[in-house]
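Take a look at the structure set out below.
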Amino acid sequence: MKIATKFLGEVEISEQDILTFEQGLLGLENEKKFVILPIDADLPLAILQSVEHTEIGFVVAYPFVFKKDYSFDISEDDREQLQIEKEENVLTYSIVTMKETFQESTINLLAPIIVNMDKKCGKQIVLQDNKSYPLRYPMQTLEGSAK
Amino acid sequence: MLVLSRKKDESIMIGDQIEIKILAVDGEQIKIGIVAPKTVKVHRSEVFEAIQAQNREALSTSSSFLEQLKKK
């Protein structure tokens, strides 16, 4: 099927690519169907695009590129909701707040998006430790670590 | 909303596993102790509001951002 996307124009996706976010995203509780679209193999970025609403598209980043020691536990509740049995196919993305330059842009380490690729479901979780993992973590390391 | 009055060192129970205790009252500020199972997440509500605001802010990224990126 074809969907209109915010950043990439019309994109062909298959039914199996659609991820269900049972609870939507924080502040966007009604957005439940998303796809993750790659943008450029050289960049640690992707697009999280709503299947239903073109204008709902986020730039997301692979947080471990920007903060090497980023790590957290997924609570039992979240594990259950995300039907996580093994971790191999569980991916973590951080929502990017893009500014004019990368130096000013930030990623949200406090509320990562967890996706279970096996079960095709995802959730934005909130970490307890908001000192180590801020809502606005500077993206400035991108240029050095993009490759 | 259920409204309860409590004095310092008094507590309330929510269910049988969550205890909320008033530890100190100092003018406008109240210190609250929370005993809850690890599976229960406790956050200041500002944290949720801030994340919601951040999500909305992130949505304002211009749809031409990728073209800008490629120009660099």
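Predicted model, so just to flag it, every value in this text is computed and none were measured. Here is the naming used below: chain letters follow the sequence lines, and residue numbers restart at 1 for every chain.
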* **Spacing of OG1 belonging to A/T97 relative to CZ belonging to B/R56, to within rounding of 0.5 Å** =>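 These two atoms lie 12.5 Å from each other.
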* Distance in Å, B/L59 CG paired with A/E31 CD, rounded so as to fall on 0.5 Å steps ->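 B/L59 atom CG to A/E31 atom CD measures 8.5 Å (nearest 0.5 Å).
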* Asked: When only pairs under 4.5 Å are counted, which of A/I95, A/D77, A/V126, A/I47 shares the most heavy-atom pairs with chain B?
  ->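 Of A/I95, A/D77, A/V126, A/I47, A/V126 has the most heavy-atom pairs under 4.5 Å with chain B.
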* Asked: Picking from A/E55, A/E76, A/K99, A/M98, which has the most non-hydrogen pairs under 4.5 angstrom with chain B?
  ->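 Ranked by contacts with chain B, first place is A/M98.
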* Which heavy-atom pair separates A/F58 from B/A58 by the least distance, and what is that distance? ->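 Closest approach of A/F58 to B/A58: CD2-CB, 3.9 Å.
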So for [X], is it side chain, backbone, both, or neither that comes closer than 4.5 Å to the heavy atoms of chain B?
X: A/I113; result: neither
X: A/Q124; result: side chain
X: A/E29; result: side chain
X: A/L135; result: both
X: A/V59; result: side chain

* Asked: Using 4.0 Å as the upper bound for N to carboxylate O, is an ion pair formed by B/K41 and A/D78?
  ->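 Counted as a salt bridge, because a side-chain N and a carboxylate O are separated by less than 4.0 Å.
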* Asked: Quick one: are A/V96 and B/T61 in side-chain contact, heavy atoms under 4.5 Å?
  ->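 They are not in side-chain contact.
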* Sub-4.5 Å side-chain heavy-atom contact between A/T106 and B/Q54 ->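 A side-chain contact under 4.5 Å exists here.
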* Asked: Is it the case that more than 12 heavy atoms not belonging to A/K120 sit under 6.0 Å from its NZ atom?
  ->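 More than 12 heavy atoms, drawn from other residues, nucleotides or ligands, come within 6.0 Å of this atom.
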